[in-house]
Amino acid sequence: MLNIDLYLGMNSPIIAPSILAADFANLQRDVEMLNESQADWIHVDIMDGVFVPNISFGLPVCAAINKHATKPLDVHLMIEKPEKYLSAFRDEGAACISVHYEACNHLHRTLQEIKALDCKAGVAINPHTNVELLEDTINDIDFVCIMSVNPGFGGQTFIENTYKKVRQLKEIITANDAATQIEIDGGVNINNAPLLMEAGADILVAGSFVFKSAEPIKTIADLKAIG
Ligand code: DX5
Ligand code: ZN
């Protein structure tokens with residue numbers, strides 16, 4: 001049951017539709033649709049077939065998206081050794097870059113490198129990764145991307161344990177007086193979005209729910225109207 005007091009006090013979410021669910025044969029058309037919509041960011045999923053069991057696309061496609069986009073690109077690196085590609089993605093338009101906690105041996109250093117590129121620095125965590133592991137770096141993280149599905153594919157079912165993780169992470173952020181924002185990625189829709197906002201989320205990624213809907217611009221507006 002939604003706590004109405006918290007609900008009324010919420011800010012509206014940052015909406016980041018995931019281009020992974022777009023029609024790749026009509027990428028320009030779909031990016032222009034996002035330009036026209038109330039989307040705040042464009043979420044760009046990079047998968048290497050090693051860190052995750054799927055390959056999406058790489059730098060040239062990111063550049064092609066950036067050529068048409070009027071919104072900041074939120075690049076989610078689901079790759080091994082992400083530190084090798086930070087400046088390349090920044091050069092192809094990334095405004096935000098998230099790396100996976102599970103893929104970084106030197107997370108603190110990697111976060112500083114992202115910031116030195118003038119990008120927002122994000123850390124993505126898989127469903128099995130406990131948010132407490134971020135306590136020592138929380139003041140260095142601009143946003144945490146809590147994966148609410150196992151990364152690798154769009155269109156998966158939202159994992160309900162995510163609400164608990166959002167609340168725990170929010171407590172860590174508050175206790176450390178950090179400005180870190182919380183992004184949710186995977187299976188987000190109009191039913192779970194208000195509950196995620198109530199739990200403490202700031203940024204909602206949505207792929208299938210936006211692109212498979214009859215009216216994506218209206219779907220984005222409906223998500224934006226939460227809070
Ligand atoms: C999953 C990706 C997500 C995905 C979300 O590995 O990181 O960003 O595109 O898609 P939906 O909203 O369809 O779950
Ligand atoms: Zn993603």
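Counting starts at 1 for both ligands and their atoms, in listed order. All values below come from the heavy atoms of this structure, side chains included, with hydrogens, waters and symmetry mates left out. Quantities reported herein were computed from a predicted structural model and do not represent experimental measurements.
Close approach of ligand 1 to M78 is summarised as follows: ligand atoms under 4.0 Å from at least one heavy atom of the residue are 6 (O), 7 (O). Distances below 4.0 Å separate heavy atoms of M147 from the following atoms of ligand 1: 7 (O). Close contacts of ligand 1 with S18, meaning ligand atoms under 4.0 Å from a residue heavy atom, involve 8 (O), 9 (O). When each atom of ligand 1 is checked for a heavy atom of L20 under 4.0 Å away, the hits are 9 (O). Within ligand 1, counting atoms from 1 as listed, the ones closer than 4.0 Å to a heavy atom of H43 are 8 (O). In the vicinity of A206, heavy-atom distances shorter than 4.0 Å reach the ligand 1 atoms 12 (O). Each of the atoms 7 (O) of ligand 1 lies under 4.0 Å from some heavy atom of H76. Below 4.0 Å from some heavy atom of G186 lie the following atoms of ligand 1, by number and element: 14 (O).
Remark: side-chain polar atoms of D185 are not paired, donor with acceptor, to backbone N or O of C145 under 3.5 angstrom.
With 3.5 Å as the limit, one finds a donor-acceptor pair spanning the side chains of H43 and D45. The closest side-chain donor-acceptor pair between N35 and H68, if any, does not fall under 3.5 angstrom. With no hydrogens or angles considered, no side-chain donor-acceptor pair links S148 and T162 at under 3.5 Å.
Nearest heavy-atom pair across A124 and E102 is O-OE1, 3.8 Å.
Taking hydrophobic clusters as Ile, Leu, Val, Met, Phe, Trp and Tyr residues chained together by side-chain heavy-atom distances below 4.5 Å, I146 shares a cluster with I226. A continuous path of Ile, Leu, Val, Met, Phe, Trp and Tyr side chains, each step under 4.5 Å between heavy atoms, connects Y101 with L86, placing both in one hydrophobic cluster. When the side chains of ILVMFWY residues are joined at heavy-atom separations under 4.5 Å, either directly or via intervening members, L107 and I46 end up in a single hydrophobic cluster.
Of the protein's non-hydrogen atoms, G152 N, 2.7 Å is the one closest to atom 6 (O) of ligand 1. With respect to atom 10 (O) of ligand 1, the closest heavy atom belonging to the protein is G154 CA, 3.7 Å. The closest protein non-hydrogen atom to atom 12 (O) of ligand 1 is G207 N, 2.8 Å. Ranking the protein heavy atoms by distance from atom 4 (C) of ligand 1 puts D45 OD2, 3.6 Å first. Looking from atom 14 (O) of ligand 1 to the surrounding protein, the closest heavy atom is G187 N, 2.8 Å. Among all non-hydrogen protein atoms, the one lying nearest atom 13 (O) of ligand 1 is S208 OG, 2.5 Å.
Comparing heavy-atom distances from atom 8 (O) of ligand 1 across I184, L204, D185 singles out D185 as nearest. Of the candidates A21, G155, S56, G155 brings a heavy atom nearest to atom 11 (P) of ligand 1.
Screening D142, I203, I173, I141 for a side-chain contact (heavy atoms from CB on, under 4.5 Å) involving Q181 leaves a single residue, I203.
Residues E36 and I217 have side chains in contact (heavy-atom distance under 4.5 Å, counting atoms from C-beta outward).
The Zn ion (ligand 2) is closest to atom OD2 of D185 (considering only N, O or S atoms). If you look at H76 and ask which of its N, O or S atoms sits nearest the Zn ion (ligand 2), the answer is ND1.
The aromatic rings of F57 and F24 sit perpendicular to each other, their planes meeting at more than 60°, with 30° as the lower class boundary.
Around the Zn ion (ligand 2), the angle linking H43 (NE2) with D45 (OD1) is 90°, rounded to 10 degrees.
At a heavy-atom cutoff of 4.0 Å, ligand 1 is contacted by the backbone of F153 but not by its side chain.
The number of heavy-atom neighbours closer than 6.0 Å to NZ of K115, taken from other residues, nucleotides and ligands shown, is above 12.
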